[in-house]
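Some notes on the structure that comes next.
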Amino acid sequence: MPVELSFYFQKDSLINLEHIRSTCNLLTDPNALYKDGFLLPARKKAFIRYVKSISEQLELAYLLKKKINNTTIELVYQLEWMRLSFIQKAESNSTIKLSFHEKKQLFLNTLKSKNSLRITIPQADFSTEYESIYSPFFTELVDSLCPEERFDLLAKKKKINPKTQMVVLADQFSSGGSAPKFEVLDLDIENKWIIKWGDEVHTDIFCSRLFAGLGYDVDHPYYYTENLILIFDGVSSVKMPEELLDSLKIKYDVNIQNYLGKTGKVTGEMAKSLPSLTPFIGKPYAQFVECSLEARPDRVKRLGSFMPYALQNDSRMELRGSLLAQIFIDNWDTKEDNTALTLVNKGNKHYKLSAIFSDLGTSMGVHISWLNQDFKVGLVNELPWEAVKIKGRKLVFTSRINSLVDLYKKTDYEDLHWMALKIAAIDSVGLRSMIDAAHWPKAIGELYFHKMASRRASILRAFHVLDPHPIAFTKQLTLYENGKCVVKKGKLLKAADLATYPISYINFKGRMRNYGK
Amino acid sequence: MANKTNFVLSFVLLIKLSCSYSQGIEEQRKYCVKNADTFEVSLKKDPTIGGISLLHHADDVYYDLYLDSPDFALKRNGYSLRFRKRISNENGISYSFQLKSEMVQVNGIRMELEESDLSFYKFLQDTSIVNLTELIDPLFDFAETKTLTLEIQKSLETLKQWLIFKSKAPILPFQQLKSLNAVLFNDAMIGSFTPVLVGKSLRSRFHGVIDPEQNDSLYQSTIRNQIAFKELPKKLQENDTLNWIFEASLDKSQFVPLEENPRTIDLIEFEVENKFFIPERGAQLIDSFQKEAETKYNLGPVTKSKYAQAIDILHN
């Protein structure tokens with residue numbers, strides 16, 4: 001039992017009611033506004049309800065003088081997990097912007113990771129038979145489900161319904177993060193979404209599907225172009241597209257002008273072809289050249305991080321093994337803040353806690369500029385063809401990460417081997433489907449397909465995993481578009497850096513330098 | 001002077017509450033109705049008062065079980081604490097545990113907080129596990145039978161034990177009382193709460209709307225209530241020409257103290273709750289409604305809660 005849980009039990013193994021109540025009051029009392037000087041986050045109704053339902057089960061167990069057992073440990077585990085995550089969120093909210101010291105630390109970690117991301121190959125044999133894992137962090141895929149289908153299955157369970165043609169209403173600005181984003185509501189009002197622009201538009205979509213395909217829970221971003229209509233219905237403080245652009249410029253120092261498509265007022269003609277626009281005739285609207293739309297469904301309530309350091313989570317194979325998944329997608333931003341503990345409403349007032357790998361978009365080829373404190377992601381030429389190389393008795397990984405959390409320091413060969421088996425389950429059809437969902441420009445998508453197939457092969461080779469679905473690739477890929485060579489010998493050429501795309505896939509200038517625009 | 005200080009403190013407190021969680025505040029006006037039957041018949045014949053049309057949409061039955069300390073500390077400090085059972089045609093039976101403040105006269109604002117789901121509350125009665133709702137149901141029955149049966153007395157005793165046991169538990173009305181006055185509403189005080197009064201109310205519910213067919217000029221001159229679609233009552237979701245201003249209800253209530261051969265107290269009230277997105281404009285519209293209702297139906301404003309009125313009658 002994790003040490004944090006021992007306080008919930010007395011020496012005689014009975015429940016410590018005082019401690020249970022102290023935690024439950026902290027998590028549910030709207031009058032408790034601060035903890036250790038940190039402003040506590042707003043408590044959502046579903047969260048309060050779930051805490052109280054756990055509290056009541058434990059109070060009854062106390063009345064019945066039940067001694068410690070698996071059920072009470074499980075309930076107390078959930079309670080303490082929510083408490084830790086809730087406090088973490090309060091602390092995280094207090095530092096919206098990274099300090100100079102924190103930025104320096106991230107860069108130092110990145111440098112260090114170049115040497116530290118290596119692992120010794122064990123001399124002794126070990127069992128390669130692993131038990132199936134079904135935990136709040138990971139769900140083993142059933143044989144009947146292809147990896148590429150799991151993202152949609154998760155979305156369906158969360159009642160996420162991305163329509164081919166989306167109409168959304170302006171709401172408010174999000175807090176945190178460095179990529180420009182804006183919160184909107186769909187016409188059911190209950191479901192929030194976040195529109196995101198910038199270099200993570202494609203990478204986040206691909207990587208979320210990949211992580212879902214491996215067995216993890218994720219956020220749900222979708223790619224949209226002019227098939228997303230953002231309405232400014234007057235309820236939000238942002239009333240016009242121009243105001244949105246100006247405010248994003250002030251908040252993120254990024255001008256999204258290049259992303260802006262058609263703007264104007266909704267007409268009767270538009271409403272004829274799309275009846276859901278009818279109530280908004282005369283209201284301002286905006287469309288975008290491209291963006292990602294990430295679901296924030298009413299059924300899923302987010303707390304803080306999923307606490308990789310606490311509750312013996314760092315002993316979990318499914319979490320330690322996730323390092324190889326991070327390396328596979330070349331994710332740079334592996335901070336604790338990019339994990340989330342969520343409470344999912346399964347219907348009929350039943351809930352479950354689920355750990356999410358969030359914000360996976362800082363990946364797929366990352367360039368970091370030390371001098372300008374800038375970074376850019378989704379640079380296909382920066383993504384190495386090999387994810388791992390064998391050097392003597394060591395496996396050396398090619399990725400760099402900004403936060404080598406303790407969890408990953410404890411990762412061993414066996415954890416990574418377990419993950420390599422999961423990666424092996426992704427076949428050519430699955431990889432293609434995930435790449436297609438990201439909607440990269442065609443040549444770039446094709447180059448990514450070959451690179452990811454190569455990276456996958458390097459992982460399976462390094463961990464001596466027999467490839468059940470070999471994917472053909474060539475490092476010498478050459479592609480032409482309209483008679484012009486855009487990819488030559490596995491490298492995207494400058495000629496492909498077309499003006500039609502809002503940001504360059506070649507230029508290193510990232511969000512801190514307004515993508516070079 | 002003391003009353004004035006209390007009033008100012010209450011007002012400041014309610015403003016503070018409205019800042020911390022707006023769903024805990026309601027802006028309400030109450031009127032006593034001298035003849036409920038005549039009023040009901042008149043409303044059916046001519047449902048438009050002061051330009052606002054009353055759209056009848058439901059008839060509910062409420063059972064309320066009020067708790068207080070032996071010296072009525074809640075009542076003396078302007079609060080009422082009750083278990084409520086609501087029987088509605090639309091939503092079936094639901095239970096809640098509510099804390100309300102008395103109305104601040106100047107603006108009709110009341111604090112209302114509730115535990116809206118009592119389904120997971122369980123307790124021990126003798127050696128059996130019982131749901132909290134099973135415990136309070138016999139007490140609600142007292143409103144009908146007015147007889148302290150053994151079952152009712154047993155439920156009463158168990159409920160008192162529940163209150164002692166739960167005084168420190170994460171239950172919203174208790175958390176709120178401690179936040180309002182930690183010295184007065186300490187664990188011992190909460191543990192001393194006991195059921196004192198049971199009531200049954202027949203409630204006719206109305207949407208107060210501006211209907212263009214009834215008053216086009218007012219309809220044209222009033223901005224539309226900008227409320228999220230899902231927040232609109234079902235009937236108004238189906239008819240988007242009506243502009244929703246307030247909710248109203250006509251309550252015919254009977255209260256009885258939890259004692260042998262209880263005296264009954266009958267109260268008839270009409271209540272209006274502001275639902276307009278600009279509360280000041282909503283209040284203006286309610287003013288016009290109130291002016292005509294007072295003249296036409298002889299309705300008189302009431303500020304005291306039904307609980308406070310019933311206890312005052314019993315104590316005098």
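Here is how names work: the chains are called A, B, and so on, in the same order as the sequence lines, proteins then strands, and each is numbered from 1.
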Check: Quick one: does A:Leu60's side chain get under 4.5 Å of B:Phe120's, heavy atoms only?
Finding: no
Item checked: A:Ile20 side, atom CD1; B:Lys168 side, atom NZ - distance, nearest 0.5 Å -> 14.5 Å
Margin query: Counting only non-hydrogen atoms closer than 4.5 Å, does B:Thr127 touch chain A with its backbone (N, CA, C, O), its side chain (CB onward), both, or neither?
Written below: neither
Notebook entry, point to check: How far apart are the C-alpha atoms of A:Thr28 and B:Leu172, what are their side-chain angles, what is the distance that settles it, and do they pass the side chain to side chain contact (heavy atoms under 4.5 Å, CB included) test?
Noted result: CA-CA 8 Å; A:Thr28 62; B:Leu172 184 56; over 6 Å; no
Margin query: Take a 6.0 Å sphere around NZ of A:Lys239 and say whether it holds more than 12 heavy atoms from other residues, nucleotides or ligands.
Written below: yes
Next item on the list: Answer yes or no: is there a side-chain heavy-atom contact under 4.5 Å between A:Thr23 and B:Pro170?
Entry: no
Check: Just wondering, are more than 12 heavy atoms of other shown residues or ligands nearer than 6.0 Å to CG in A:Asn69?
Finding: yes
Notebook entry, point to check: Rounded to the nearest 0.5 Å, how far does CZ of A:Arg21 lie from CD1 of B:Ile171?
Noted result: 8.0 Å
Check: Is there a donor-acceptor pair under 3.5 Å between the side chain of B:Asp117 and the backbone N or O of A:Ser53?
Finding: no
Notebook entry, point to check: Going by heavy atoms in the side chains, are B:Ile129 and A:Leu63 under 4.5 Å from each other?
Noted result: no
Notebook entry, point to check: Above 12 or not: heavy atoms from other molecules or residues under 6.0 Å from CD of B:Glu238?
Noted result: yes
Next item on the list: Name the region of B:Phe165, side chain, backbone, both or neither, that has any atom closer than 4.5 Å to a heavy atom of chain A.
Entry: both
Next item on the list: With a 4.5 angstrom heavy-atom cut-off, could you sort out which part of B:Lys166 is near chain A: side chain, backbone, both or neither?
Entry: both
Note to self: At a 4.5 Å cut-off on heavy atoms, which part of A:Leu17 comes close to chain B: side chain, backbone, both, or neither?
What the structure shows: side chain
Margin query: For a 4.5 angstrom cut-off between non-hydrogen side-chain atoms, does B:Phe123 reach A:Glu59?
Written below: no
Check: Could you walk me through whether A:Asn31 and B:Gln175 pass the side-chain hydrogen bond (donor to acceptor under 3.5 Å, both in side chains) check?
Finding: CA-CA 8 Å; A:Asn31 301 293; B:Gln175 289 169 331; over 6 Å; no
Notebook entry, point to check: Quick one: of A:Cys24, A:Ala32, A:Ser22, A:Ala42, who has the most non-hydrogen atom pairs under 4.5 Å with chain B?
Noted result: A:Cys24
Checklist line | Segment of A:Ser55 engaging chain B (4.5 angstrom heavy-atom cut-off) | finding: side chain
Margin query: With a 6.0 Å cut-off (strictly less than), is the heavy-atom count around NZ of B:Lys235, excluding the residue itself, greater than 12?
Written below: yes
Check: Taking atom CD of B:Gln161 as the centre, does the number of heavy atoms from other residues, nucleotides or ligands within less than 6.0 Å exceed 12?
Finding: yes
Next item on the list: Assess whether atom OH of A:Tyr62 is packed by more than 12 heavy atoms of other residues, nucleotides or ligands within 6.0 Å.
Entry: no
